[in-house]
Amino acid sequence: MTDDGAMARVTAGAAAHWSPGTHILWRYRENGGEQFHIARPVTVVRDDADLLAVWLAPGTECVKPILADGTPVHREPLESRYTKPRTVRRDRWFGTGVLKLAQPGRPWSVWLFWEPGWRFKNWYVNLEQPLMRWAGGVDSEDHFLDITVEPDRSWRWRDEDEFAQAQRDGLMDPATAERVRAAGLEAVDVIRAWGPPFPDGWQNWRPDPSWGVPSLPEDWDRTPAHVSS
């Protein structure tokens, strides 16, 4: 998935970082399982010891979960959303693109959304397992609970109903749920202090016009030979 020669090793023994413009996969495992049910080809914007920033371009072919009967997940009533059989399908990322920012080891990533015409909409804190790096990209597991941060710095919890339902359905045990809530509160502390990446001006960033839209490889669900945090 990576471009030839795009993987740059900074110094001997240092962690490998991807060069800007490299195409990688950003994937999520299914909750309560080991299979991947979300895969999004993205373009690396920045990758170093402090931050991984990637761009999900409009029109990118992705993989997303769907109920086995064809019902979109978000249209299924919450009470049965996580218990009915699922499968995956290829689809496109519609609408404007998304810039994703992840600080190594943190149990969340911060996504930036824009309205058409590059009018900044909001930040979105996606609570998840810290990203695990491998040769072709990064993997995680979504933790249901999220936070929306508006341009005026106000914030609110998102998907608390899904977070509670996942616990009722056994997809998250009480100890994990407690850790996720604690991670959310830690993120709220960062928001209130307006710590990185919020004050770093990413809302003014724009993608390189020469970048193409990454393609989704046939082996998007391959098991990494080696992963690292």
Practice problem: Could you go through the side-chain contact (heavy atoms from CB on, under 4.5 Å) check for H37 and R27 one step at a time? | Solution: CA-CA 8 Å; H37 70 160; R27 307 190 298 185; over 6 Å; no
Quiz item: What do the steps show when you test C62 against L56 for side-chain contact (heavy atoms from CB on, under 4.5 Å), and what is the final call?
Solution: CA-CA 10 Å; C62 303; L56 174 59; 4.3 Å; yes
Self-check item: side-chain contact (heavy atoms from CB on, under 4.5 Å) between L52 and V138, worked out
Solution: CA-CA 10 Å; L52 171 64; V138 291; 3.8 Å; yes
Quiz item: Passes side-chain contact (heavy atoms from CB on, under 4.5 Å), V63 versus F36? Steps please.
Solution: CA-CA 9 Å; V63 171; F36 295 102; over 6 Å; no
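Hydrophobic cluster membership differs between V213 and V45, with clusters built from Ile, Leu, Val, Met, Phe, Trp and Tyr side chains linked at under 4.5 angstrom. Connection of V98 to L131 is established within a shared hydrophobic cluster, with ILVMFWY side chains joined at heavy-atom distances below 4.5 Å, either directly or through further cluster members. With hydrophobic clusters built from ILVMFWY side chains whose heavy atoms lie under 4.5 angstrom apart, V110 shares a cluster with L145. Hydrophobic clustering (side-chain heavy atoms under 4.5 Å, transitive across Ile, Leu, Val, Met, Phe, Trp, Tyr) groups L127 together with L112.
For the residue pair P58 and G95, the shortest heavy atom distance occurs at CB-O, 3.3 Å. Nearest heavy atoms, P207 versus W55: CB-NE1, 3.7 Å. Closest of all the heavy-atom pairs between H23 and G212 is NE2-O, 4.1 Å. Contact between W26 and A102 at its shortest, heavy atoms only, is CH2-CB, 4.1 Å. Listed here is the closest heavy atom pair of R222 and G136: NH2-CA, 4.1 Å. Shortest non-hydrogen contact noted between W18 and G137 is CH2-O, 3.4 Å.
Under the 4.5 Å side-chain criterion, counting only non-hydrogen atoms from C-beta, D139 is in contact with R29. Between V54 and T43 there is no side-chain heavy-atom pair separated by less than 4.5 Å. L101 has its side chain within reach of L51: a pair of non-hydrogen atoms, C-beta onward, lies under 4.5 Å apart. In this structure, the side chains of I24 and V44 come closer than 4.5 Å at one or more pairs of heavy atoms. A 4.5 Å side-chain heavy-atom check between R89 and K64 finds at least one atom pair inside the cut-off. In this structure, the side chains of V88 and W220 come closer than 4.5 Å at one or more pairs of heavy atoms. Contact of the Q129 side chain with the H143 side chain is registered, since non-hydrogen atoms from C-beta on lie closer than 4.5 Å.
Between the side chain of W211 and the main chain of P214, no donor-acceptor pair closer than 3.5 Å is present. Proximity of a side-chain donor or acceptor of R86 to a complementary backbone N or O of A68 within less than 3.5 Å is not detected.
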Can you give each donor-acceptor pair under 3.5 Å made by side-chain atoms of residues 148-155, sequence neighbours left out, with the distance rounded to 0.1 Å?
{"from": "T148", "atom 1": "OG1", "to": "R158", "atom 2": "NH1", "distance (Å)": "3.1"}
{"from": "D152", "atom 1": "OD1", "to": "S154", "atom 2": "N", "distance (Å)": "3.0"}
{"from": "D152", "atom 1": "OD1", "to": "S154", "atom 2": "OG", "distance (Å)": "2.6"}

Name each donor-acceptor pair under 3.5 Å that joins a side chain in residues 116-124 to protein atoms two or more places apart or in another chain, with its distance.
{"from": "Y124", "atom 1": "OH", "to": "D146", "atom 2": "OD2", "distance (Å)": "2.8"}
{"from": "Y124", "atom 1": "OH", "to": "D159", "atom 2": "OD2", "distance (Å)": "3.4"}

Could you list the donor-acceptor pairs under 3.5 angstrom formed between side-chain atoms of residues 170-199 and any protein atom two or more places apart in sequence or on another chain?
{"from": "D173", "atom 1": "OD1", "to": "A175", "atom 2": "N", "distance (Å)": "3.2"}
{"from": "D173", "atom 1": "OD1", "to": "T176", "atom 2": "N", "distance (Å)": "2.7"}
{"from": "D173", "atom 1": "OD1", "to": "T176", "atom 2": "OG1", "distance (Å)": "2.9"}
{"from": "T176", "atom 1": "OG1", "to": "R179", "atom 2": "NH2", "distance (Å)": "3.1"}
{"from": "R181", "atom 1": "NH1", "to": "E160", "atom 2": "OE2", "distance (Å)": "3.4"}
{"from": "R181", "atom 1": "NH2", "to": "E160", "atom 2": "OE2", "distance (Å)": "3.3"}

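Annotation: salt bridge (Lys or Arg N to Asp or Glu O under 4.0 Å) contacts involving residues 44-59, sequence neighbours excluded, comprise R46-D48, D47-R133. Applying the side-chain hydrogen bond (donor to acceptor under 3.5 Å, both in side chains) test to pairs two or more places apart or on separate chains, those with a residue in residues 101-117 are Q103-R106, S109-W111, S109-E128. Counting only residues at least two apart or on different chains, the side-chain hydrogen bond (donor to acceptor under 3.5 Å, both in side chains) pairs with a member in residues 69-82 are D69-T71, E76-S80, E76-K84, R81-E162, Y82-E162.
Atom-to-atom distance recorded for N126:CG and I147:CD1 is 10.0 Å, nearest 0.5 angstrom. Between the CG atom in D219 and the OG1 atom in T223 there is a gap of 10.5 Å [rounded to 0.5 Å]. Taken from CZ in R90 to CG in L216, the straight-line distance is 4.5 Å, to the nearest 0.5 Å.
With 3.5 Å as the limit, one finds no donor-acceptor pair spanning the side chains of D142 and N31. For the residue pair Q165 / D169, a side-chain donor-acceptor distance below 3.5 Å is found, with atom types taken as modelled.
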